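Accompanying notes for the structure given below.
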Amino acid sequence: MTKLIFEKSKEGTDGINLTDIPVSFDFIDKKYLNYNNESILPEMTELEVMRHFKELSDKNFCIEKGFYPLGSCTMKYNPKVNEILASLEGFTEIHPFQADEDVQGALKIMYNLQEALKEITGMDAVTLQPAAGAHGELCGMMIVKKYFETIGEQRKNVIIPDSAHGTNPASAAMCGFNVVEIKSNENGLVDIDSLKSVLDNNTAAIMLTNPNTLGLFEENITEISKLVHNYGALLYYDGANMNAIMGYTNPGLMGFDIVHLNLHKTFSTPHGGGGPGAGPVCVIDRLKDFLPSPVIEFDGKTYKRQYDIKHTIGKMKAFYGNFSVLVKAYVYILLQGKELKNVSANAVLNANYMMNKLKQYYLLPYDKKCMHEFVLSGEKQKDAGVNTLAIAKRLMDSGFHPPTVYFPLIVHEAIMIEPTESETKERLDDFIDTMIEIAEEIKQNPDLVLNHPINTPVKKVDETLAARHPDLAYKLHSESIV
Ligand SMILES: *Cc1c(COP(=O)(O)O)cnc(C)c1O
């Protein structure tokens with residue numbers, strides 16, 4: 001067990017001593033300066049501090065360390081060239097307040113990215129501003145709201161299937177809409193009769209993920225789109241996992257009006273630890289006057305930030321969004337070039353390969369060709385005494401990040417696996433073999449499986465205690481807070 005830095009501290013030890021440097025702190029308000037030196041800080045040499053933090057970072061699991069099949073999260077490889085290019089001085093040393101004519105290159109990148117995303121989604125206009133997928137959803141819902149206000153209609157309901165990502169209902173509710181849930185049918189798709197029974201003139205929009213969170217493609221999407229449009233309502237597409245269809249079809253062709261993308265998933269930026277992301281929102285022509293400002297425009301000669309947008313919902317974020325994430329996405333798209341389509345082809349191939357191998361050992365509730373991910377159920381294993389959570393912990397001991405578990409809610413003991421396109425067949429086979437091994441272990445000796453994890457920095461935790469009485473502060477520190 002790693003000791004805390006405070007426990008490693010030894011009185012009188014220090015690294016670099018700054019006290020002899022003739023610097024005056026007069027410019028800092030006295031109340032922020034602690035002259036009595038009451039703060040309790042660890043005392044260590046510089047080398048030991050570095051070792052401490054390196055040791056901690058080594059305990060972290062990341063995509064560079066192992067396979068990360070976290071369903072819906074698209075934990076694929078983020079090419080390092082993205083980072084190198086995004087950290088060029090020409091990008092990092094510019095300031096949002098610089099005049100358009102000073103930053104033509106940066107504006108050009110954003111403009112070209114907008115154009116690429118229009119093509120990928122089949123939409124007519126784009127904002128790059130939202131900082132994440134859920135932020136994009138909020139932006140999209142604000143556009144829906146303002147659209148109906150502008151045409152003088154009061155619509156209160158947003159329809160969302162029970163297979164939707166959890167952020168969808170949250171975003172609609174944050175915008176003041178009533179969330180109307182519809183059930184999936186026995187094939188795991190939107191039940192058309194349920195949809196018909198809730199659609200009316202009070203429907204503002206339907207939010208769909210296609211493929212849905214079961215990894216299944218909505219086969220009746222054109223019928224759904226007609227039904228919804230007949231009532232004058234809008235179709236919102238959750239495009240967080242665009243690696244399922246990119247280059248083969250697009251939300252525009254399916255009849256959608258608004259789409260958000262997760263650049264940090266599909267277009268490769270490291271994410272998952274709360275790092276910067278981007279959730280651009282793409283809309284059809286009729287909704288382009290509602291986008292946040294500014295959008296980037298090009299008149300054939302110069303690029304500029306356009307703030308004058310007729311019915312703009314305002315700002316979602318300072319300036320134009322997370323620029324470095326936009327650069328990385330643009331680099332990724334350019335590097336793939338005409339091969340961008342293969343991203344989806346490989347994601348879908350990998351998922352189907354794995355699904356077909358594993359369905360002999362784990363229950364596959366919706367046994368259909370999947371897209372970029374699939375959802376198994378651990379029910380058989382639960383009957384033998386090992387639930388999905390324990391399977392997840394057992395996987396950690398073999399060096400894998402567990403899949404998403406207990407989501408989507410419509411599958412009991414759900415194990416949601418997204419292998420992504422960036423893995424080799426050997427790596428997929430490793431995971432498959434381990435999953436099969438676990439299924440066998442559960443048959444032979446379920447109690448043994450329940451003992452895991454044993455190789456991880458943190459062993460089995462008391463989930464209930466951790467949730468009810470989280471202990472988040474180091475004692476010495478919490479005692480010092482008055
Ligand atoms: C990840 C994800 C989101 C939310 O994206 P964030 O960037 O985490 O806010 C929304 N919908 C789907 C389908 C997702 O996979």
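For this chain, numbers begin at 1 and follow the sequence in order. All of these numbers come straight from a predicted model, not from anything done at the bench. Indexing begins at 1, ligand by ligand and atom by atom, following the structure's order.
- With salt bridges taken as basic N to acidic carboxylate O contacts below 4.0 Å, one links E219 and K368.
- Taking atom 6 (P) of ligand 1 as the reference point, the nearest protein heavy-atom neighbour is G133 N, 3.4 Å.
- Residue E137 touches ligand 1 through its side chain alone, judged by heavy-atom distances below 4.0 Å.
- In this structure, K382 does not pair ionically with E379, as no charged nitrogen and carboxylate oxygen lie closer than 4.0 Å.
- The protein atom (non-hydrogen) at minimum distance from atom 1 (C) of ligand 1 is K265 NZ, 1.4 Å.
- Residue A134 has at least one heavy-atom neighbour below 4.0 Å for each of these atoms of ligand 1: 4 (C), 5 (O), 6 (P), 9 (O).
- Rounding to the nearest 0.5 angstrom, the gap separating the OG1 atom in T388 from the OH atom in Y362 is 9.0 Å.
- D238 OD2, 2.6 Å is the protein heavy atom nearest to atom 11 (N) of ligand 1.
- In this structure, Q98 places its CD atom where more than 12 heavy-atom neighbours from other residues, nucleotides or ligands lie under 6.0 Å away.
- Inclusion of N262 in the set of residues having an N or O under 3.5 Å from an N or O of ligand 1 is warranted.
- Between H264 and ligand 1, at least one pair of N/O atoms sits closer than 3.5 Å.
- Between F290 and H311, the angle of the ring planes stays under 30°, which puts this pair in the parallel group of the 30/60° scheme.
- Residue H260 has no N or O atom closer than 3.5 Å to an N or O atom of ligand 1.
- Residue A132 has no nitrogen or oxygen atom sitting less than 3.5 Å from a nitrogen or oxygen atom of ligand 1, judged on distance alone.
- Under 4.0 Å is where a charged nitrogen must lie from a carboxylate oxygen, and between D397 and K393 no such pair does.
- In this structure, a donor-acceptor pair under 3.5 Å is present between the side chains of Y236 and H260.
- Under a 4.0 Å N-O distance rule, the pair E181/K183 qualifies as a salt bridge.
- The cationic atom of K341 (NZ for Lys, CZ for Arg) lies less than 6.0 Å from the six-membered ring centre of Y248 and within 45° of the ring axis.
- Of all atoms in ligand 1, listed by their number and element, those nearer than 4.0 Å to a heavy atom of A240 are 2 (C), 11 (N), 12 (C), 13 (C), 14 (C), 15 (O).
- In this structure, H135 falls outside the shell of residues with a heavy atom less than 4.0 angstrom from ligand 1.
- Nearest to atom 3 (C) of ligand 1 among the protein's heavy atoms is H165 CE1, 3.5 Å.
- Contact atoms of ligand 1 toward N241: 13 (C), 15 (O) (distance under 4.0 Å to a heavy atom of the residue).
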